[in-house]
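Inspection log for the structure reproduced underneath, given as structure tokens.
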Amino acid sequence: MANCEGTLNVVIGGRELMSEADKILSESFGSSYRYAKAVVDYGIGSVALAVVNGSNVGAAVYYSINAGSVKLCIIYYIAVIESCRRFGIGKALISTIEEVCADSDVYIATTWFGNNPADRLYRSLGYVGYSWDELRGLLGRRAVDRLLKATCGYDDDIAYVKPVVPGEDVIDMLRRVVNGDGDDIDRLWRETCLYVWLRLRGAS
């Protein structure tokens, strides 16, 4: 069992850290962690690894992408090993990602209804949760379709959003995801969401 109370360091990297993150993410998410691996393999995703006393205790995968005239920082997958939960490791991972993504406009993460630990974590850091249906009413169907592609959030029910600059109108910013073309998002969705879903479906 890891000692969770030592000095916490968060290391940022890419493919070279994914093998370490794999173990933590697969334990929490099962085969679904392959979506996280796919965005790192694709070259857009980065890894944040939480290390205490030389032991890996948490991991997250995140990426930035331009959606219309808005730059999104997507906190894609995050997990902390069971014995080290409630030690602030999840907060440290997200806070580090936010610092790295400070040139974005909006932070966004998705999860399912009933994921109370994630709900507490994101709300404690100033995120506001909206169901996809609520966002359709606020943003319109086209904008939500673009966000679903950008986040591969089809299996999730709720999106947590937060403006990078405090006080900015995050809903107004998200409306701008429909500006311009969606080529980058379409490619990302195809390579790291649709194809992974088809492979997982074929394996089941």
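Side chains included, hydrogens not; waters and symmetry mates left out as well; all remaining heavy atoms used. One-based numbering along the sequence shown.
Side-chain contact between Ile12 and Tyr62 is present, with at least one heavy-atom pair separated by less than 4.5 Å. Contact of the Val57 side chain with the Val51 side chain is not registered, since no non-hydrogen atoms from C-beta on lie closer than 4.5 Å. Side-chain contact between Val170 and Val128: absent, with no pair of heavy atoms (C-beta onward) separated by less than 4.5 Å. With contacts defined as side-chain heavy-atom distances shorter than 4.5 Å, the pair Ile81/Ile24 qualifies. Taking the side chain as every heavy atom from C-beta outward, Phe29 and Tyr35 never approach each other to under 4.5 Å. With contacts defined as side-chain heavy-atom distances shorter than 4.5 Å, the pair Tyr154/Trp189 qualifies. In this structure the side chain of Val39 never reaches within 4.5 angstrom of the side chain of Glu191, judged on heavy atoms.
Looking only at distances, a side-chain donor or acceptor of Ser124 sits under 3.5 Å from a matching main-chain atom of Leu121. A donor-acceptor pair under 3.5 Å links the side-chain atoms of Asp105 to the main chain of Lys71, judged by distance alone. At least one donor-acceptor pair under 3.5 Å links the side chain of Glu16 to the backbone N or O of Gly14. Side chain of Arg136 to main chain of Arg141: no donor-acceptor pair is present (N/O by atom type, distance under 3.5 Å, no hydrogens or angles). Judged purely by atom type and a 3.5 angstrom limit, Asp157 uses its side chain to pair as donor or acceptor with the backbone of Phe113. When atom types are taken as modelled, the side chain of Arg175 and the backbone of Ala143 share no donor-acceptor pair closer than 3.5 angstrom. Using modelled atom types, one side-chain atom of Tyr107 and one backbone atom of Glu98 make a donor-acceptor pair closer than 3.5 Å. When atom types are taken as modelled, the side chain of Ser104 and the backbone of Cys101 share a donor-acceptor pair closer than 3.5 angstrom.
To the nearest 0.5 Å, atom CZ of residue Arg187 and atom CZ of residue Arg190 are 7.5 Å apart. Leu194 contributes atom CG, which lies 9.0 Å from atom SG of Cys152 (distance to the nearest 0.5 angstrom). Note that CG of Leu49 and CG of Leu93 are 8.0 Å apart. Values are rounded to the nearest 0.5 Å. Note: Asp22 CG to Arg34 CZ = 10.0 Å, rounded to the nearest 0.5 Å. Between atom CZ of residue Arg146 and atom CG of residue Leu174 there is a gap of 12.5 Å, rounded to the nearest 0.5 Å. Rounding to the nearest 0.5 Å places CG of Leu139 at 9.0 Å from CH2 of Trp132.
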List the steps and the verdict of side chain to side chain contact (heavy atoms under 4.5 Å, CB included) for Leu147 and Val177.
-> CA-CA 8 Å; Leu147 289 173; Val177 300; 4.0 Å; yes
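In the displayed structure, Arg120 atom CZ is contacted under 6.0 Å by more than 12 heavy atoms of other residues, nucleotides or ligands. Heavy atoms of other residues, nucleotides or ligands lying less than 6.0 angstrom from CG of Asp172 number more than 12.
Of the candidates Thr110, Thr151, Asn115, Thr110 is the only one forming a side-chain hydrogen bond (donor to acceptor under 3.5 Å, both in side chains) with Asp156. Considering Thr192, Asp184, Asp186 in turn, Thr192 is the only one that fulfils the side-chain contact (heavy atoms from CB on, under 4.5 Å) rule with Leu188.
The two residues Ile89 and Ala50 have their closest heavy-atom pair at CG2-CB, 3.7 Å. Taking each heavy atom of Lys162 and Leu125 in turn, the nearest pair found is NZ-O, 2.7 Å. Heavy-atom minimum distance, Leu135 versus Tyr130: CG-CB, 3.6 Å. Here the closest non-hydrogen pair linking Ile78 and Gly90 is CD1-O, 3.8 Å. For the residue pair Ala150 and Ile74, the shortest heavy atom distance occurs at O-CD1, 3.3 Å. Leu17 approaches Gly13 most closely through the heavy-atom pair CD1-N, 3.4 Å.
Qualifying side chain to side chain donor-acceptor pair (under 3.5 Å) partners for Thr96, counting only residues two or more places apart in sequence or in other chains: none. Partners of Asn9 under the side-chain contact (heavy atoms from CB on, under 4.5 Å) rule, at least two apart in sequence or in another chain, are Thr7.
Using bins of under 30°, 30° to 60° and over 60° for the plane-to-plane angle, the ring pair Tyr122/Tyr160 lands in the parallel bin.
For residues 39-53, the set of pairs meeting the side chain to side chain donor-acceptor pair (under 3.5 Å) definition, not counting sequence neighbours, comprises Lys37-Asp41.
You'll find the ring centres of Tyr77 and Tyr33 outside the 6.0 Å limit.
Salt bridge annotation for Lys149-Asp145: absent, with no cationic side-chain nitrogen under 4.0 angstrom from a carboxylate oxygen.
Val165 and Ile108 are assigned to two separate hydrophobic clusters, defined by single-linkage of ILVMFWY side chains at heavy-atom distances under 4.5 Å.
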